[in-house]
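Below, chain A is the first sequence line, B the second, and so on; all start at residue 1. What you see below is based on every heavy atom in this structure, not just the backbone, and it leaves out hydrogens, waters and symmetry mates. Just so we're clear, the structure is a prediction, and the values are computed from it rather than from any experiment.
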Amino acid sequence: MENEQFEQRKEKLDELRSLGVNPFANNFKPEHVARELISGYGEMSEEELSSLEDVFSLAGRVVAVRDFGKSLFMHISDRTGRIQGYIKKDVIGEDELKFFKKFVDLGDILGIKGTLFKTRTGELTVNVSEFSLLTKSLHPLPEKWHGLKDVELRYRQRYLDLISNPEVKEIFLTRSRVVKLIREFMDQRDYVEVETPILNQIAGGAAAKPFETFHNALSMDLYLRIAPELFLKRLVVGGIERVYEIGRTFRNEGISTQHNPEFTIMELYEAYATYEDLMELIEELLCYLATEIKGSLNFEYGDLNIDMTRPWKRINILNSLRETIGEEVLSDEKKLFEKADSMGLEHHGMWGKAVTEIFEILIGDHLMDPTFVYGFPLDVSPLARTSEQDPKITDRFELYIAGREMANAFSELNDPIDQKERFQKQLELKERGDEEAHQMDEDYVTALEHGMPPAAGAGIGIDRLIMLLTNSLSIREVIFFPHLRPE
RNA sequence: GAGCCGUUAGCUCAGUAGGUAGAGCAACUGCCUUUUAAGCAGUGGGCCGCAGGUUCGAAUCCUGCACGGCUCACCA
């Protein structure tokens, strides 16, 4: 970090202090932002502007300076955008101009005041009559034209990425908008937003390896949650009939363009609904988001054209597998396991696991337009309600978009006896070496014993949804500080 | 965890038959009162990711390591 430019700027800092100027002053209140000036006055002619006598004040980071000797142009960037400032000796005085040239660097935070005018090239510009150095920056900005490209630096020093790459900032602003829209959508449907524990004694509600931690005062092992599911359903037992949570979840697994160890999930539960109702709800929600964010139900994602026009396709896992691998393989457990083995897939001797694994590779990965995949086997769905048509199947679906799982939903199992037996089976799997099998959650079973109304619930991967809506091909592009190894 | 690729100035990037390290931006010194990737003249700035090896000589060839990216595996 010690380099020529850093040293030069530190010297300026010392000199400013010796002149009695606070290089980290906080005595300037900007009354305007770039965007409001541009949208409010950008269309006015030079004549109209010159008849205005209003003085505007704004503050932001100096991102460009073009020095002409007795005058100079600069661009200042605030939370809404950029605006040009013009400093002219005749207006501001020789001493102030000299001060600017000597002490104000690219990257500094500056407050400016002045009237508006238009340059010859038609750009709305603040004719600066007064400026105030608010914060000295000790490091140079990244390259003004190419921005910050180095992916590692972009993630490690995200602030520089945000300063110099406007499209990056745009993605995160969109992320914020999407989450807000989701909340509005859910609130309109009478759902209550809640928060449930992240530190769990039992990490349940999904098939995943948890992070472990320890509570010193209680002398107790704890896990970071892998899903909020079991807590939310306790709330349904408690009479919060429509409930949702948007929050961080942690899974101790690999990192990739699709996976970050901590990610954001939305889970929702609705009493008296079925998984088919949730297909409708999710379709409505995602189409609403696409319309608001993309302005269309047809948009590009990478090389793909995604068509979200309703109604979305619904395909049955067993039926579609029957077409690809044939009835004889599907119905003969031995042949099915051989098929899974030949594809290098794990199945732990479970029919359902083999079925879903094979499905994902052969069919799921190729589903680009939104598709509901339903008919999940019971042995991979320990919290889902058994189908009334087929005892080996549950009332569960997953939503695939762009070949990826975006949501998982089912009618909830609310029979406590059945639930306990399912947990028991998961324990057996765990003993046989399936690290991702569920733990027994007696307390949850007790909650069900008090009666959970029939309900359906869904989980939606928010990061992946944001990726889709912002055309981001890596999850790291939608998470401010993705997990990286220490430098 | 495996394979492939990358790491050179603050930033973006060049740099091959191994022969003392380059450009643009940024910085510094001048000139320039409507520019916008401003322009002109000049100057400074490098453990070429780290550690070994080969060689008279390594940014360049070899090995190991670190970090990152992509693909695959596990998963959402």
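Base contact: A:Gly254 has a heavy atom under 4.0 Å from a base atom. At a threshold of 4.0 angstrom between heavy atoms, the contacts of A:Lys102 with the nucleic acid are absent. Within 4.0 Å (heavy atoms only), A:Gly147 reaches sugar-phosphate atoms of the nucleic acid but no base atom. A:Leu160 comes within 4.0 angstrom of nothing in the nucleic acid, heavy atoms only. Across all strands shown, A:Arg82 has no heavy atoms under 4.0 Å from either base or sugar-phosphate atoms. Residue A:Arg476 is classed as a sugar-phosphate contact, given heavy-atom separations below 4.0 Å to backbone atoms only. Counting non-hydrogen atoms under 4.0 angstrom, A:Arg66 reaches a base of the nucleic acid. Residue A:Leu106 is in sugar-phosphate contact alone, with no base atom involved, counting any heavy-atom pair closer than 4.0 Å across all strands shown. Nucleic acid contact class of A:Glu357 (heavy atoms, under 4.0 Å, all strands): sugar-phosphate only. Residue-level contact check: A:Gln5 touches the bases, meaning some heavy atom is under 4.0 Å from a base atom. Contact annotation for A:Asp90: base contact, defined as any heavy-atom pair under 4.0 Å involving a base atom. Among the atoms of the strands shown, only primed sugar atoms or phosphate atoms (P, OP1, OP2) are found under 4.0 Å from some heavy atom of A:Glu436. A:Leu484 comes within 4.0 angstrom of the backbone, heavy atoms only, and of no base. Within the 4.0 angstrom heavy-atom criterion, no nucleotide atom of any strand lies near A:Asn252.
The A:Pro140 side chain lies nearest to B:A26 when the options are B:G68, B:A26, B:U34. Minimum atom distance to the side chain of A:Glu253 is reached by B:C74, of the listed B:C70, B:U35, B:C74. Of the candidate nucleotides B:C32, B:A26, B:U12, B:U12 has the atom nearest to the side chain of A:Lys149. The side chain of A:Val151 approaches B:G69 more closely than any other nucleotide in the set B:U12, B:G69, B:C74. Here the nucleotide nearest the side chain of A:Arg485, chosen from B:G1, B:G10, B:U12, is B:G1. The side chain of A:Lys70 sits closest to B:C32 out of B:G69, B:C32, B:U34. The A:Asp150 side chain lies nearest to B:U12 when the options are B:U12, B:G68, B:U33. Minimum atom distance to the side chain of A:Pro142 is reached by B:C11, of the listed B:C11, B:U34, B:U33. When distances run from any side-chain atom of A:Tyr155 to the nucleotides B:G69, B:C74, B:C67, the shortest one goes to B:G69. With B:C11, B:G10, B:A37 as the choices, the nucleotide that has an atom nearest any side-chain atom of A:Asn3 turns out to be B:G10.
As a whole-Å value, the separation of A:Ile83 CD1 from B:U35 P is 18 Å. As rounded to whole Å, 19 Å separates atom P of B:C74 from atom CZ of A:Phe211. B:C70 atom P lies 10 Å from atom CD of A:Gln258, rounded to whole Å. In this entry the distance linking CD1 of A:Ile163 with C1' of B:G10 reads 14 Å, nearest Å. Note: CD (A:Glu487) to P (B:G49) measures 16 Å, nearest angstrom. Note: CD (A:Gln157) to P (B:G10) measures 13 Å, nearest angstrom. Summarising the geometry, the separation between CD1 on A:Ile475 and P on B:G69 is reported as 13 Å, rounded to the nearest angstrom. Atom P of nucleotide B:A37 and atom CG of A:Asn165 are separated by 18 Å, given to the nearest angstrom.
Separating the P atom of B:G44 from that of B:C56 is a span of 36 Å, rounded to the nearest Å. Taking atom P on both B:C50 and B:G10, the two are 13 Å apart, rounded to the nearest angstrom. Here the separation of B:C62 from B:C47, taken at their P atoms, is 24 Å to the nearest Å. For the C1' atoms, the distance from B:G49 to B:C31 is 42 Å, rounded to whole Å. Between the C1' atoms of B:U20 and B:C25, the separation comes to 27 Å (whole Å). With C1' as the reference atom, B:A14 and B:G24 are 11 Å apart, rounded to whole Å. Only the P atoms considered, B:U7 is 10 Å distant from B:G15, to the nearest whole Å. The P atoms of B:C13 and B:G19 are separated by 25 Å, rounded to the nearest whole Å.
For B:C74, the OP1/OP2 oxygens have no side-chain nitrogen or oxygen of A:Ser256 closer than 4.0 Å. Not one side-chain nitrogen or oxygen of A:Lys88 sits closer than 4.0 Å to the OP1 or OP2 atom of B:U34. The shortest distance between the side-chain N/O atoms of A:Lys101 and the OP1/OP2 oxygens of B:U29 is not below 4.0 Å.
Side chain to side chain, A:Tyr269 and A:Glu267 meet the donor-acceptor criterion of an N or O pair below 3.5 Å. A donor and an acceptor atom, one from each side chain of A:Thr196 and A:Glu245, are located under 3.5 Å apart. Judged by distance alone, the side chains of A:Glu48 and A:Ser45 do bring a donor and an acceptor atom under 3.5 Å apart. No hydrogens or angles considered: a donor-acceptor pair under 3.5 Å links the side chains of A:Gln157 and A:Tyr159. A donor-acceptor pair shorter than 3.5 Å cannot be found between the side chains of A:Asn3 and A:His139.
Both A:Arg9 and A:Glu360 lie near RNA chain B, and the one whose nearest nucleotide falls closer to the 5' end is A:Arg9. If you find the closest nucleotide of RNA chain B to A:Glu398 and to A:Ser474, the one lying nearer the 5' end belongs to A:Ser474.
The aromatic ring of A:Phe68 does not sit over the base of B:C32, since the test of centres under 5.5 Å and planes under 30° is not met.
Side-chain N or O atoms of A:Asn260 include none that pairs as donor or acceptor with a backbone N or O of A:Pro482 at under 3.5 Å. In terms of modelled atom types and a separation under 3.5 Å, the side chain of A:Arg158 and the main chain of A:Phe480 share a donor-acceptor contact. Using modelled atom types, one side-chain atom of A:Lys101 and one backbone atom of A:Gly69 make a donor-acceptor pair closer than 3.5 Å. Distance alone, capped at 3.5 Å, is enough to place a donor-acceptor pair between the A:Thr371 side chain and the A:Asp369 backbone.
The two residues A:Ala206 and A:Arg251 come nearest to each other via the heavy atoms CB-NH2, 3.4 Å. Closest non-hydrogen pair, A:His32 versus A:Leu58, comes out as O-CB, 3.4 Å.
For the strand RNA chain B, secondary-structure stems (runs of at least three Watson-Crick or G-U pairs, all distances below 3.5 Å) span B:1-7 with B:66-72, B:10-13 with B:22-25, B:27-31 with B:39-43, B:49-53 with B:61-65.
In this model, no side-chain donor or acceptor of A:Glu152 finds a partner on the base of B:U7 within 3.5 Å.
Both the sub-6.0 Å distance and the 45° axial angle are not jointly satisfied by A:Arg175 relative to the ring of A:Phe172.
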